[in-house]
Amino acid sequence: MKDTRQRNIRHLAAPQREPQVIDFAGPKLLDAFQYGPMPLCVSGAFNSAKTVTLCIKLLWLMDRYPGFRVLIARRVWDELKKTTMPSFFKFCPRSAWEPDGRRADAEKILRLNNGSEVIWMHLEDPDALSILRGLEINAFFFDQAEEIDEETFTTALARLGRWDQAIVPDWEQKEFEETHHKPWPWIHEATGKVIPPTFALLTCNPDHELHWIYEKFHSESPGHTDKRFLIEKQPKRLATGLMAEVGERVSYADLGYRMIEVSAYDNKYATRQNLEQMESQDESWKRRFLFGKWGIPEGQIHHVRDL
């Protein structure tokens with residue numbers, strides 16, 4: 001299946017480049033690309049193309065909205081540099097930041113020709129959380145989020161929509177208003193400027209069922225559907241399109257939190273040699289890293305929260 005919506009790819013690259021058509025690794029990964037702007041976790045096996053898919057999604061957003069600002073983070077800098085960044089730059093050519101942008105890996109920043117930016121961050125940095133509290137971004141992507149604590153995720157959520165320099169094309173606002181019969185809903189709270197929709201993106205390998213990712217995102221988790229959040233200040237539009245009024249309680253599911261689970265077999269580009277190597281492992285390993293299933297039944301240490 002191919003995405004045909006690459007209408008603004010010209011912003012990324014030099015004028016002579018043709019639109020780049022992306023052939024996704026499978027239907028579930030195309031679904032991940034198209035989902036949003038509600039929080040999304042792509043959970044799955046090794047070699048399931050989850051990181052590549054979300055990198056393409058971010059590049060498409062950066063192309064669609066000039067000036068779009070993204071945070072891409074992983075716990076360990078060496079792993080971010082050697083895994084996530086190569087996946088990103090596989091689809092981001094040099095012509096995307098030359099001649100008017102800038103790539104400075106040592107400074108952990110990438111600025112594209114159209115003004116869109118990526119901030120790279122590793123979360124082992126003792127100052128990472130304080131830096132995160134001051135960021136203004138339109139989207140974030142936490143790769144291997146099972147290694148990241150819940151506070152980091154909730155802090156990043158609070159920084160979404162703070163950046164008001166991204167441009168929403170007039171045609172998109174008009175198209176939205178004609179389709180949904182309502183004004184463009186994403187407005188900067190302080191400046192009143194029109195901003196793009198915000199995106200909270202995660203990838204992870206499956207972990208134990210007490211993990212915060214499972215609680216928030218997995219459809220089988222009781223916490224996913226528990227109506228624990230009180231609407232306090234103003235009505236809020238839910239993922240269904242309905243409005244929750246002040247005084248109502250809503251769940252993560254109501255707010256659009258979604259997990260898309262992928263196995264190595266969902267990646268049509270996975271090689272037979274690689275699959276055979278994974279198939280030779282024990283059943284517990286295959287459950288988690290080949291089939292992408294949550295829950296670790298053997299030898300699991302449960303981290304029980306004080307609550």
Side-chain angles (χ1 to χ4, degrees), residues 32 35-55 57-58 69-88 108-109 118-162 198-219 221 223-224 252 255-262 288-289 292-296 300-307:
Y35 187 74
M38 291 74 72
L40 171 68
C41 177
V42 183
S43 169
F46 291 163
N47 196 27
S48 56
K50 53 189 183 295
T51 298
V52 164
T53 299
L54 294 191
C55 286
K57 184 183 183 85
L58 289 173
R69 202 173 197 215
V70 174
L71 169 70
I72 300 180
R74 191 164 173 167
R75 187 174 67 87
V76 179
W77 168 245
D78 200 47
E79 294 174 356
L80 177 68
K81 182 171 62 174
K82 292 180 178 178
T83 59
T84 311
M85 290 177 71
S87 295
F88 182 90
K108 302 181 178 64
I109 192 166
V118 173
I119 300 167
W120 306 99
M121 179 181 288
H122 69 98
L123 300 168
E124 280 190 329
D125 186 334
D127 296 324
L129 199 57
S130 61
I131 294 171
L132 185 57
R133 291 189 181 107
L135 285 181
E136 296 180 334
I137 52 177
N138 301 114
F140 68 81
F141 170 31
F142 289 159
D143 201 12
Q144 297 303 125
E146 76 276 11
E147 301 173 353
I148 296 171
D149 61 64
E150 184 177 4
E151 182 184 5
T152 300
F153 172 73
T154 55
T155 300
L157 278 179
R159 308 314 302 171
L160 289 175
R162 300 299 184 96
T198 58
F199 290 81
L201 305 175
L202 310 176
T203 64
C204 71
N205 295 128
D207 210 290
H208 58 81
E209 293 165 345
L210 295 178
H211 199 287
W212 65 267
I213 293 178
Y214 184 86
E215 178 185 30
K216 294 178 187 293
F217 288 90
H218 201 287
S219 61
S221 166
H224 182 66
Y252 289 118
L255 297 175
Y257 282 63
R258 184 182 176 195
M259 179 180 288
I260 295 176
E261 297 183 90
V262 289
R288 183 180 180 190
F289 297 119
K293 299 296 184 182
W294 277 78
I296 307 173
Q300 175 61 34
I301 298 174
H302 295 283
H303 301 278
V304 181
R305 295 176 296 178
D306 292 339
L307 182 61

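Sequence positions, counted from 1, serve as the residue numbers for this chain. Please read these numbers as outputs of a predicted model, since none were measured by experiment.
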A.B. asks: Which atom pairs, one a donor and one an acceptor, fall under 3.5 Å between side chains of residues 121-130 and the rest of the protein, sequence neighbours left out?
C.D. replies:
from   : atom 1 : to     : atom 2 : distance (Å)
Glu124 : OE2    : Arg75  : NH1    : 3.0
Asp125 : OD1    : Asp127 : N      : 2.8
Ser130 : OG     : Asp127 : O      : 2.8

A.B. asks: For the atom pair CG (Leu201) and CZ (Phe142), what is the distance rounded to the nearest 0.5 Å?
C.D. replies: 10.5 Å
A.B. asks: According to side chain to side chain donor-acceptor pair (under 3.5 Å), who are the partners of Thr198, at least two apart in sequence or on a separate chain?
C.D. replies: none
A.B. asks: Measuring from Thr203:OG1 to Ile260:CD1, what's the distance to the nearest 0.5 Å?
C.D. replies: 12.5 Å
A.B. asks: Partners of Thr152 by side chain to side chain donor-acceptor pair (under 3.5 Å), sequence neighbours excluded?
C.D. replies: Asp149
A.B. asks: Under a 4.5 Å cut-off applied to non-hydrogen side-chain atoms, are Phe141 and Cys55 in contact?
C.D. replies: yes
A.B. asks: Pairing donors with acceptors under 3.5 angstrom, does anything connect the side chains of Lys216 and Tyr257?
C.D. replies: no
A.B. asks: Atom CH2 of Trp77 and atom CE of Met85: how far apart are they, to the nearest 0.5 Å?
C.D. replies: 4.5 Å
A.B. asks: Examine distances only and state if a side-chain atom of Lys50 and a backbone atom of Ala45 form a donor-acceptor pair shorter than 3.5 Å.
C.D. replies: yes
A.B. asks: Between Thr83 and Pro86, which heavy-atom pair has the shortest distance, and what is it?
C.D. replies: O-CD, 3.3 Å
A.B. asks: What closest approach, in Å, do Thr53 and Ala32 show between heavy atoms, and which atom pair accounts for it?
C.D. replies: CG2-CB, 4.2 Å
A.B. asks: With a 4.5 Å cut-off on side-chain heavy atoms, are Asp207 and Arg288 touching?
C.D. replies: yes
A.B. asks: Please round to the nearest 0.5 Å and tell me the distance separating atom CD of Gln144 and atom OG1 of Thr84.
C.D. replies: 7.5 Å
A.B. asks: Is NZ or CZ of Lys81 both nearer than 6.0 Å to the six-membered ring centre of Trp120 and within 45° of the ring axis?
C.D. replies: no
A.B. asks: Angle class for the His218/Trp294 ring planes (parallel below 30°, perpendicular above 60°, tilted otherwise)?
C.D. replies: perpendicular
A.B. asks: Please name the pair of heavy atoms, one in Ala200 and one in Phe140, separated by the smallest distance, quoted to 0.1 Å.
C.D. replies: CB-CZ, 3.4 Å
A.B. asks: What residues form a side chain to side chain donor-acceptor pair (under 3.5 Å) with Arg159, not counting sequence neighbours?
C.D. replies: none
A.B. asks: Only counting residues at least two apart or in another chain, list the ones meeting side chain to side chain contact (heavy atoms under 4.5 Å, CB included) with Ile119.
C.D. replies: Arg69, Leu71, Leu135
A.B. asks: Considering non-hydrogen atoms only, spot the tightest contact between Ala73 and Leu80 and give its length.
C.D. replies: C-CD1, 4.3 Å
A.B. asks: When rounded to the nearest 0.5 angstrom, what is the spacing between CZ in Phe88 and CG in Leu58?
C.D. replies: 7.0 Å
A.B. asks: Checking Glu146 side chain against Asn205 main chain: does a donor-acceptor pair fall under 3.5 Å?
C.D. replies: yes
A.B. asks: Look at the side chain of Thr154 and the backbone N and O of Glu150, then say whether any donor-acceptor pair between them is shorter than 3.5 Å.
C.D. replies: yes
A.B. asks: Report, as yes or no, whether the 6.0 Å neighbourhood of atom NZ on Lys108 holds more than 12 heavy atoms from other residues, nucleotides or ligands.
C.D. replies: yes
A.B. asks: Please report the closest heavy-atom contact between Pro206 and Ser43, naming both atoms and the distance.
C.D. replies: CG-OG, 3.9 Å
A.B. asks: For Ile137 and Leu160, what are the C-alpha separation, side-chain angles and deciding distance, and is it a side-chain contact (heavy atoms from CB on, under 4.5 Å)?
C.D. replies: CA-CA 5 Å; Ile137 52 177; Leu160 289 175; 4.2 Å; yes
A.B. asks: Check step by step if side-chain contact (heavy atoms from CB on, under 4.5 Å) holds for Leu54 and Asp143.
C.D. replies: CA-CA 9 Å; Leu54 294 191; Asp143 201 12; over 6 Å; no
A.B. asks: Please round to the nearest 0.5 Å and tell me the distance separating atom CG of Leu202 and atom CE of Met259.
C.D. replies: 8.5 Å
A.B. asks: Testing the basics here: between Phe199 and Lys57, what is the closest heavy-atom pair and its distance to 0.1 Å?
C.D. replies: CD2-CE, 3.9 Å
A.B. asks: What pairs of residues pass the side chain to side chain donor-acceptor pair (under 3.5 Å) test when at least one of them lies in residues 132-141, not counting sequence neighbours?
C.D. replies: Arg133-Glu151
